[in-house]
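Only one structure is covered here, and it is reproduced in the block below.
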2 protein chains.
Amino acid sequence: MEATAVTWAVLGLLSQRARSGYDIKNAVDRTIRHFWAASYGQIYPELKRLEAAGWIEGADAANGGRARREYRITAAGRQALADWLHGTETRIELRDESLLRLFFADRLPAEEALGLLRARREGYGAMLAYLRSLDDGSGTPDPPFVDLVYRWALDYCAWGIEWCDRQEQRLTSR
Amino acid sequence: MEATAVTWAVLGLLSQRARSGYDIKNAVDRTIRHFWAASYGQIYPELKRLEAAGWIEGADAANGGRARREYRITAAGRQALADWLHGTETRIELRDESLLRLFFADRLPAEEALGLLRARREGYGAMLAYLRSLDDGSGTPDPPFVDLVYRWALDYCAWGIEWCDRQEQRLTSR
DNA sequence: TAGTGCATGTAATGCGTTACATGATTTC
DNA sequence: GAAATCATGTAACGCATTACATGCACTA
């Protein structure tokens, strides 16, 4: 099947355990949203495509009297996921409006331009607070690479804050 | 007018000097593409919208016998740009397929999972090489904040490389 | 004279979000 | 009884890329 951007997020989450579309959306929001968002408008159609391809199987799972369709990954799905995981193409792409503002900040009086740098610092701080709020403190340790990606986000924010501080000092000390 | 994502990139570049659509595309690719891409399919329609709003003015600029339409920013346009620059809302968003792979790397044998970390490191290295290739070595110093954003990208890559090295050590030393 | 660069633009397509519609169940 | 949560889905819209169409001018 034709893999799109959302394919691997959904398939990967189903490789951890069987889930409903609703579960997947929650898992995305709790764990990978800060580097890979996905909405219902992508997830539900993708589940049907994945099922048609034979990479997952859906089954009606009674849940009280509440309708619920739970999907589990198939052997073919695991294979497809493994193939994707072996891909190494790594192009780093960002879309960062705060950087765009900074880029044009020479149009502003010096003090206001520095304000944009401080605002960026605050942005990193807010993301850090958000990331920490994701840690439910359950004490259950995550698998090593799940933990690794969480660390990446924390470390990235910490680095970003330091970077803004350093640059502000450099720019004001002249 | 209704500002979209590409509005500020185009208007900001025109605040530096008058340019054609073609010039704008080149400037985007040379200076801001790594954090804010834009294609012809966005730039040319946007120029018409900006002109209709009175934020820029186009004039046919003879260039040999070659047709060329050059746009310059108006006073209203400068004001609009300044208003946008004063916005401080800073949400950091990424879409990073390499992080998504790492997140699911627990599905792989340990050695292959570490390979993904190394591939990420290579990705940072490639971006660094690309960024350095953008420096034309003309010696003409950039305005402070243009330079600042360029430094950000360089520093981010350097940090990313160190981070991957550190994490690889941490994961192998157990 | 062939290739590269300058120059303008549009159409088709794809990706992704937002908003909406619907309704059952659980918790306070 | 109200509010939150579980649950599934679609339609409309907007943003962005890709591919294409066109043609002149300069340079090797």
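Order of the sequence lines fixes the chain letters, A, B, ..., with proteins taken first and strands second; residue numbering starts at 1 for each chain.
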Of the options D/dC6, C/dT17, C/dC15, whose atoms approach the side-chain atoms of A/Q42 most closely? C/dT17
Of the options C/dG9, D/dT17, D/dA7, whose atoms approach the side-chain atoms of A/Y22 most closely? D/dA7
Separation of D/dA7 atom C1' from A/I24 atom CD1, nearest Å, is 13 Å
Out of C/dG9, D/dA16, C/dT17, minimum distance to the side chain of A/S39 belongs to C/dT17
Report yes if a side-chain nitrogen or oxygen of B/Y40 is closer than 4.0 Å to either non-bridging phosphate oxygen (OP1 or OP2) of C/dG9; otherwise report no. no
Looking at every non-hydrogen atom in both residues, tell me the closest pair between A/L128 and A/C157 and how far apart they are. CD1-CB, 3.7 Å
Side-chain N,O (B/S20) to OP1/OP2 (C/dT8) below 4.0 Å: yes
For the pair made of CG in A/D29 and P in C/dT18, what is the distance, rounded to whole Å? 11 Å
Nearest-0.5 Å distance that lies between atom OH in B/Y150 and atom NE2 in B/H34: 8.0 Å
Give a yes/no on whether any side-chain N or O of B/R95 is located under 4.0 angstrom from OP1 or OP2 of C/dG16. yes
Nucleotide of C/dC6, C/dT17, D/dT18 approaching A/A37 most closely (side-chain heavy atoms): C/dT17
Take the protein atom CD of A/E46 and the nucleotide atom C1' of C/dG16, then report the distance between them rounded to whole Å. 12 Å
Would you kindly give the NZ-to-P distance between B/K25 and C/dG9, to the nearest whole Å? 16 Å
Does the plane of the ring in A/W8 sit parallel, tilted or perpendicular to the ring in A/W84? Use 30° and 60° as the thresholds. parallel
Give the rounded distance in Å between these two atoms: CD of B/E93 and C1' of C/dG16. 11 Å
In whole Å, what is the span from the CD1 atom of A/I43 to the C1' atom of C/dG16? 11 Å
Euclidean distance, atom CG of residue B/D23 to atom P of C/dG9 [Å, nearest integer]: 13 Å
Could you tell me how the ring of B/W163 sits relative to the ring of B/W159: parallel (under 30°), tilted (30 to 60°) or perpendicular (over 60°)? tilted
